[in-house]
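Okay, structure first, notes after.
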Amino acid sequence: MNSLLRALAVFIGTAFAAVFASAAFAGTGEPSPWQINLQGAATPVMEKIHDFNYLLLGIITAIVLFVLVLLVIVAVRFNERSNPVPSKTSHNTMIEVAWTVVPVMILVLIAIPSFRLLHLELNIPKPDITVKVTGHQWYWSYEYPDNGGFGFDSYLVAEKDLKAGQPRLLAVDNEVVVPVNKIVRIQVTSADVIHSFAVPSFGVKIDANPGRLNESWFKITREGVYYGQCSELCGRDHAFMPIAVRAVSEADFAAWVAQAKSKFSAIDDESGVKVADAGAAR
Ligand SMILES: [Cu+2]
């Protein structure tokens with residue numbers, strides 16, 4: 001019995017340690033082995049999502065412990081042996097008011113930061129750059145209307161073609177490149193079925209619907225590559241249309257744009273119209 005209890009305590013302790021230490025393990029930009037927590041934050045929105053997550057974790061832990069204590073008290077003090085003559089009490093106004101009002105207050109406590117977070121996510125600040133994102137079966141394409149309207153397709157790198165450091169099922173041939181510390185507005189749509197553009201480290205997940213333009217935004221605070229995946233089941237290769245966003249300095253971004261303009265304007269899309277021309281015409 002004793003060793004069983006000790007094993008249980010060790011298990012609970014380990015689980016708690018794992019949850020709280022996982023913030024250190026949680027990869028930024030991509031998942032990491034043994035990760036439990038959310039991915040590390042690369043934008044102010046994701047930082048706020050982390051804070052909200054910890055608030056909820058704290059509240060739910062307190063509630064679970066409180067209920068556990070009540071159950072233990074009931075089991076120990078009011079079992080048949082220690083309390084052979086049960087009381088006939090059926091009403092207690094004070095307790096009934098409390099168990100109505102306290103949960104309401106907890107919900108209000110949750111609602112305030114929740115609405116604040118939604119407001120931050122949904123109110124797009126004045127963008128420094130706009131990237132148009134289009135979901136296809138089964139790849140993403142990107143256009144840069146503010147930088148000459150060039151555009152390109154972004155396909156998964158097959159496992160056999162992976163270079164060193166490229167994560168399996170996440171690396172793509174053409175990454176979306178954006179400047180760091182700038183407000184990037186994304187306009188998301190689809191050319192066929194519903195997809196969803198999601199990058200966990202940005203706190204962004206927005207549906208790509210055919211015939212509709214959805215907007216979101218992010219401001220990446222650290223240079224690096226951040227990976228995401230299509231998050232709306234969209235067909236056979238749903239799992240094979242990753243998203244890779246590379247955040248670089250402003251100077252590197254300008255250099256990339258100059259090079260990308262000449263590289264991608266020569267590529268025709270299915271319509272036969274040069275992508276750069278098509279972007280300008282729209
Ligand atoms: Cu998809």
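For ligands, and for the atoms within them, numbers begin at 1 and follow the listed sequence. What you see below is based on every heavy atom in this structure, not just the backbone, and it leaves out hydrogens, waters and symmetry mates.
None of the N, O or S atoms belonging to Ser231 lies under 2.8 Å away from the Cu ion (ligand 1). Counting backbone and side-chain atoms alike, His238 contributes no N/O/S atom closer than 2.8 Å to the Cu ion (ligand 1).
In this structure, Trp256 has its ring center under 6.0 Å from that of Tyr144.
The atom of His195 nearest to the Cu ion (ligand 1) is ND1, with the search restricted to N, O or S atoms.
Taking CG of Asp237 as the reference point, atom NE2 of His136 lies at 14.5 Å (rounded to 0.5 Å).
Listed here is the closest heavy atom pair of Asn174 and Asp153: ND2-O, 3.0 Å.
With Thr43 contributing its side chain and Phe202 its backbone, the two residues share a donor-acceptor pair below 3.5 Å.
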